[in-house]
Amino acid sequence: MNDQNLDGPVTLPSSRAPGCPFDPPPELTALARRGEPLTRLAFPDGHVGWLVTGYDAARTVLSDPRFTVRPELRHSPLSRPNVRPGGHDKPPAPGWFANMDRPEHARYRRLLTGRFTFRRMKLLEPRVARITADHLDAMADAGPPVDLVPAFALPIPSLVICELLGVPYDDHAFFEEQTTVAVNLDNTSEQAMAAIGSLARYLGDLVRHKRTRPADDLLSDLITETDLTDEELANIGLLLLVAGHETTAHMLALGTFALLRHPEQLAASALDETAVEELLRYLTIVHLGGPNRAALEDVEIAGRLIREGETVVLGLPAINRDPERFTDPDTLRLDRADARHHLGFGHGVHQCLGQQLARIEMRIAYRALFDRFPTLRLAVPVEDVPMRETAIVYGTWRLPVTWDRS
Ligand code: HEM
């Protein structure tokens, strides 16, 4: 299983298969269970940094301002860098606040946090329920089998984020396709950059259009209520559009897959908030290269000295299965009381802006799906479900399901 020499730097384990498709890569679990929260990590460009697999160490790194998210200061742990507007080795493009440190980051977050609170997102519940019901009706009309990814998992969060931002959903095929190109590590950097470039141009055109014709949506509100430039607005819109549909979509598909593989758990669960948190913990879809940071100065964490300039990768799938934090961590327990302490949405100032929206979407969609199709099951053998091993966000490329017609 793990033939890495644990005394020297390891390379980032990535393949979850061939074991359980929901478990972290076996090599990652082996590293995490050695009792050392940090391990030296060899990066594809020759840099030697760190891999964090311990829960407490992860929280410390993510909340310590001596670590930066700036792309030009970090080494990429991936076979090709994760792309973003302006390039991965340049300072963050205006508005791309996910890659900014404070105080710049706080300036953007302040403009957005109030618009993504639990209370604001709760107002969207009836609309999320309606969108979900419409897609379940369409599935019932089409009849089994269906691929749950395009029929359910992708369109629901996609439509919700489009309506919230004011992006025409008619263009969803375009931005979903471009997003897939950008995040799949099988594509070259050039292909990924071209995809991000076309998405940025699309958002730029949309922002210019909204300046002349503002409507009742978040981008229009930001145009009228702030002094953000068109470029800042386009990049904020792009960040929210990509983060808002890609992640939740794969949680919906992978979560459904996991529930189908644990029928006894499914039968006993109300699929409530607690169950959603446990699925987030157990599945931890932000898996390849996780969040990562670079040290701005020498920092000591868990007895290890991280030198200025070294990049630290957070192995979230292992961190959320840390036995020191979660009892019996490899077991899915939909009623696990402390599941909400998982770091699946990150931690610290960059903690996921859209987490309340994602939680609402998951709670409504899982429940509605299994209420509507109580006999839902896989339409193919488990091994034939193609897993997103090479995508930055884990999940299934397809999820063929079937059910008994009533
Ligand atoms: C940040 C996960 C849904 C928008 C993050 C981070 C994680 C994450 C781990 C932290 C990255 C880091 O620290 O470097 C997830 C998961 C989701 C989800 C698992 C779904 C289940 C969403 C949604 C939106 C969104 C629905 C938009 C509405 C963002 C943004 C950031 C972020 C804008 C950057 C925040 C910042 O840097 O201040 N997300 N996310 N996410 N997420 Fe999410």
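No experiment lies behind these values; they were computed from the predicted model shown. Whatever order the structure lists them in is the order used to number ligands and atoms, beginning at 1.
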Shortest protein heavy-atom distance from [atom], along with the residue and atom involved:
| atom | value |
| --- | --- |
| atom 1 (C) of ligand 1 | C352 CA, 3.5 Å |
| atom 4 (C) of ligand 1 | A243 CB, 3.4 Å |
| atom 3 (C) of ligand 1 | T247 OG1, 3.2 Å |
| atom 34 (C) of ligand 1 | A98 CB, 3.9 Å |
| atom 31 (C) of ligand 1 | L353 N, 4.1 Å |
| atom 21 (C) of ligand 1 | M251 CG, 3.5 Å |
| atom 27 (C) of ligand 1 | G244 CA, 3.6 Å |

Run the salt-bridge test on [X] and [Y] with the 4.0 Å N-O cut-off and return the result as yes or no.
| X | Y | answer |
| --- | --- | --- |
| E36 | R34 | no |
| D64 | R66 | yes |
| R307 | E310 | no |
| R130 | E125 | no |
| R70 | D101 | no |
| R336 | E278 | yes |

So is [X] close enough to ligand 1, meaning a heavy atom under 4.0 angstrom away?
| X | result |
| --- | --- |
| H250 | no |
| F116 | yes |
| V69 | no |

Does an N or O from [X], backbone or side chain, lie closer than 3.5 Å to an N or O of ligand 1?
| X | value |
| --- | --- |
| H350 | yes |
| H105 | yes |
| R293 | yes |
| R109 | yes |

**OP:** Specify the closest pair of heavy atoms between L41 and W50, including all atoms of both residues, with the distance to one decimal.
**Re:**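 So the minimum-distance heavy-atom pair works out to CB-C, 3.8 Å.
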Counting from 1, what ligand 1 atoms have a heavy atom of [X] closer than 4.0 Å?
| X | answer |
| --- | --- |
| G344 | 2 (C), 9 (C), 19 (C) |
| G346 | 9 (C) |
| G354 | 4 (C), 23 (C), 24 (C), 25 (C), 26 (C), 27 (C), 28 (C) |
| I161 | 28 (C) |

If only atom types and distance count, is the side chain of [X] paired as donor or acceptor with the main-chain N or O of [Y] below 3.5 Å?
| X | Y | value |
| --- | --- | --- |
| D272 | A275 | yes |
| N184 | N187 | no |
| H342 | L279 | no |

Original post:
Relative to atom 6 (C) of ligand 1, which among W96, F97, F345 owns the nearest non-hydrogen atom?
Top reply: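 Result: the heavy atom closest to atom 6 (C) of ligand 1 is in F345.
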**OP:** Using the side-chain contact (heavy atoms from CB on, under 4.5 Å) rule, take R16 and D23 through it: C-alpha gap first, then chi angles, then the decisive distance, then the call.
**Re:** CA-CA 6 Å; R16 298 204 185 194; D23 285 344; over 6 Å; no
Original post:
With a 6.0 Å cut-off on ring centres, are F326 and H341 close enough?
Top reply: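 No, ring centres 6.0 Å or more apart.
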